[in-house]
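Chain naming here is simple, since letters A, B, ... match the order of the sequence lines and numbering starts at 1 in each.
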Amino acid sequence: MIIEERENQIVLKEVDDFNPVHIFDCGQCFRWTKENDGSYTGVVKGKILNVSKNGQEIVLDNTNLKDFEDIWYEYFDLARDYSSIKKELAAHDKNLSDAVDFGWGIRILQQDGWEMLISFIISSNNRIPMIQRAINNISERYGQEIGEYKGKTYYSFPTPEQLSKASIEDLRECKTGFRDKYIFNTTKDILENELDIQDFLDMDSATCHKELMKFQGVGAKVSDCIALFGMRKYDSFPVDVWVKRVMQEFYDAEDMSLPKMRKYGMDLFGEKAGFAQQYLFYYVREMEIGK
DNA sequence: TGTCAGGTCCTCA
DNA sequence: TGAGGACCTGAC
């Protein structure tokens with residue numbers, strides 16, 4: 001990978017496994033919006049970034065070399081060799097190989113654990129546009145104004161302290177629905193017990209999964225998503241309706257319960273279960289396989 | 001008008 | 001343990 005600094009931009013050349021569409025549309029994040037020109041704009045760590053693919057180049061707009069080194073290199077997981085991961089997964093079986101070919105540019109973003117916790121609580125029994133809207137409402141009301149980009153104002157995701165200013169009714173007004181009390185209680189839980197989200201990153205996967213489920217509104221699936229996308233637990237295997245479908249279509253899994261399906265997937269793909277899940281999930285959802 | 005969506009919680013056996 | 005129902009919301 002070659003890194004080139006231009007005016008207010010960083011350009012990445014010769015990146016093998018990086019496609020903004022795959023990365024931002026594979027269901028791992030909710031705060032990147034697609035612009036009319038096909039690029040994506042989002043907010044991370046108080047910075048607004050726009051990402052586009054121009055031929056073989058990846059263009060990161062509205063940034064500089066320092067922020068690239070401090071934030072974006074880690075956020076986009078650029079130290080990881082996705083080619084070798086894909087090679088290993090593709091060798092596992094034909095279906096996974098097809099899924100990897102289809103979503104070749106997926107990378108698992110290293111997102112903020114606290115933001116993932118609240119975001120995936122909102123995701124339960126919900127649709128993606130509604131999830132995005134609720135998170136945006138929360139950010140606009142309780143986060144901090146970051147600035148403008150191409151005429152639009154952007155806000156940071158609120159800290160636990162900032163979000164604690166919201167009542168259950170306030171959260172309902174943000175269109176979180178019946179999850180309002182889950183968010184309220186989880187936020188209160190963190191502040192009152194002085195829980196540090198960073199501690200979850202140091203836990204082993206099983207402990208992390210179990211501890212996350214102690215928060216109200218966090219069941220097995222949501223816990224796995226938070227662990228995978230916010231806590232670097234790459235052996236997590238979130239099982240939702242889509243993954244259940246793919247396991248039955250591709251892997252002869254019988255109609256088993258979700259906890260059993262979770263174990264089935266973790267046993268099947270081992271320490272790379274999270275990566276396998278992402279390629280499979282993106283593949284079946286885009287192709288609407290098994291629906 | 002009824003169903004359904006990237007689940008979780010609660011209740012009851 | 002496991003099954004069954006309720007649950008905000010809004011798009012079809």
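- Near DNA chain B, meaning a heavy atom under 4.0 Å away, the residues from residues 126-140 of chain A are A:N126, A:R127, A:I128.
- Annotation: the span from A:Q9 atom CD to A:N64 atom CG amounts to 12.0 Å, rounded to 0.5 Å.
- No more than 12 heavy atoms of other residues, nucleotides or ligands shown are found within 6.0 angstrom of NZ on A:K47.
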Every protein N/O within reach of nucleotides 1-3 of chain C N/O, cut-off under 3.5 Å:
none

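- Among pairs with a residue in residues 191-200 of chain A, those fulfilling side-chain hydrogen bond (donor to acceptor under 3.5 Å, both in side chains) read A:D189-A:N193, at least two apart in sequence or across chains.
- Every residue was checked against the salt bridge (charged side-chain N to carboxylate O under 4.0 Å, His left out) condition with A:K45, not counting sequence neighbours, and none meets it.
- Within the model, atoms CD1 of A:I10 and CD1 of A:I3 stand 7.5 Å from one another, a figure rounded to the nearest 0.5 Å.
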For residues 22-33 of chain A, which side-chain N or O atoms pair as donor and acceptor with protein atoms under 3.5 Å away, sequence neighbours left out?
| unit_1 | atom_1 | unit_2 | atom_2 | d |
| --- | --- | --- | --- | --- |
| A:H22 | ND1 | A:G105 | N | 2.9 |
| A:Q28 | OE1 | A:L109 | N | 2.8 |
| A:Q28 | NE2 | A:I23 | O | 3.0 |
| A:Q28 | NE2 | A:R107 | O | 2.7 |
| A:R31 | NH1 | A:Y155 | O | 3.3 |
| A:R31 | NH2 | A:S139 | OG | 3.4 |
| A:R31 | NH2 | A:Y155 | O | 2.7 |
| A:W32 | NE1 | A:Y75 | OH | 3.0 |
| A:T33 | OG1 | A:T41 | O | 3.4 |

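- The nearest whole Å value for the distance from the CG atom in A:L212 to the C1' atom in B:dT8 is 15 Å.
- Each side-chain hydrogen bond (donor to acceptor under 3.5 Å, both in side chains) pair with one or both residues in residues 213-222 of chain A, not counting sequence neighbours, appears once here: A:N185-A:Q216, A:E211-A:K214.
- Taking the six-membered ring where the residue is Trp, A:Y283 and A:F250 present tilted rings, their angle falling between 30° and 60°.
- The NZ-P distance, from A:K181 to C:dA6, rounds to 15 Å in whole Å.
- With sequence neighbours left out, A:D61 forms a salt bridge (charged side-chain N to carboxylate O under 4.0 Å, His left out) with no residue at all.
- Between A:K214 atom NZ and B:dT8 atom P there is a gap of 17 Å when expressed in whole angstrom units.
- Pairs of Watson-Crick or G-U wobble type, with distances under 3.5 Å, assemble into runs of 3 or more in DNA chain C at these ranges: B:2-5 with C:9-12, B:7-13 with C:1-7.
- Taking only distance into account, the side chain of A:D180 never meets the base of C:dC8 through a donor-acceptor pair shorter than 3.5 Å.
- One interatomic measurement links the two molecules: CG of A:D240 to C1' of B:dA5, which rounds to 11 Å at whole-angstrom precision.
- Nucleic acid contact for A:R179: base, since at least one base atom lies under 4.0 Å from a heavy atom of the residue.
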Full working for side-chain hydrogen bond (donor to acceptor under 3.5 Å, both in side chains) between A:D17 and A:S83
CA-CA 7 Å; A:D17 315 293; A:S83 293; 2.9 Å; yes
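- Residues passing the salt bridge (charged side-chain N to carboxylate O under 4.0 Å, His left out) test with A:K188: none are found, sequence neighbours excluded.
- One finds a salt bridge joining A:R6 and A:E4 here, because a Lys/Arg side-chain nitrogen approaches an Asp/Glu carboxylate oxygen to under 4.0 Å.
- Residues of residues 97-122 of chain A that place a heavy atom closer than 4.0 Å to DNA chain C do not occur.
- Comparing the P positions of C:dG4 and B:dG6 gives a spacing of 22 Å, expressed to the nearest Å.
- Between A:W72 and A:F76, the ring planes lie tilted relative to each other; the angle falls in the 30° to 60° range.
- Taking atom P on both nucleotides, B:dT11 is separated from C:dC8 by 15 Å, rounded to a whole Å.
- If you check B:dT8, C:dC8, B:dG6 against the side chain of A:V241, the one that comes closest is B:dG6.
- The nearest whole Å value for the distance from the CD1 atom in A:I226 to the P atom in B:dG6 is 18 Å.
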Give me the distances for all protein-to-nucleotides 9-13 of chain B N/O pairs that come in under 3.5 Å?
| unit_1 | atom_1 | unit_2 | atom_2 | d |
| --- | --- | --- | --- | --- |
| B:dC9 | OP1 | A:G217 | N | 2.6 |

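- Separation of the A:F281 and A:F237 ring centroids does not fall under the 6.0 Å cut-off.
- Taking the six-membered ring for Trp, A:F120 and A:F229 have ring centres closer than 6.0 Å.
- Proximity of residues 21-31 of chain A to DNA chain B (heavy atom under 4.0 angstrom from any strand atom) is restricted to A:G27.
- Taking atom CG on A:N185 and atom P on B:dT8, their separation rounds to 16 Å, with Å as the unit.
- Put simply, the residue from A:S52, A:S39, A:P20 that forms a side-chain contact (heavy atoms from CB on, under 4.5 Å) with A:V59 is A:S52.
- As rounded to whole Å, 6 Å separates atom P of B:dG7 from atom CG of A:N125.
- The interatomic distance linking A:I183 (CD1) with C:dC8 (C1') rounds to 11 Å, in whole Å.
- A donor-acceptor contact under 3.5 Å is not formed by the side chain of A:K221 with the base of B:dG7.
- For the atom pair CG (A:L228) and OH (A:Y234), the distance works out to 7.5 Å, reported to the nearest 0.5 Å.
- A:Y73 and A:F68 have perpendicular rings, their planes meeting at more than 60° on a 0 to 90° scale where under 30° would count as parallel.
- Ring planes of A:F102 and A:Y282: tilted class, angle from 30 to 60°.
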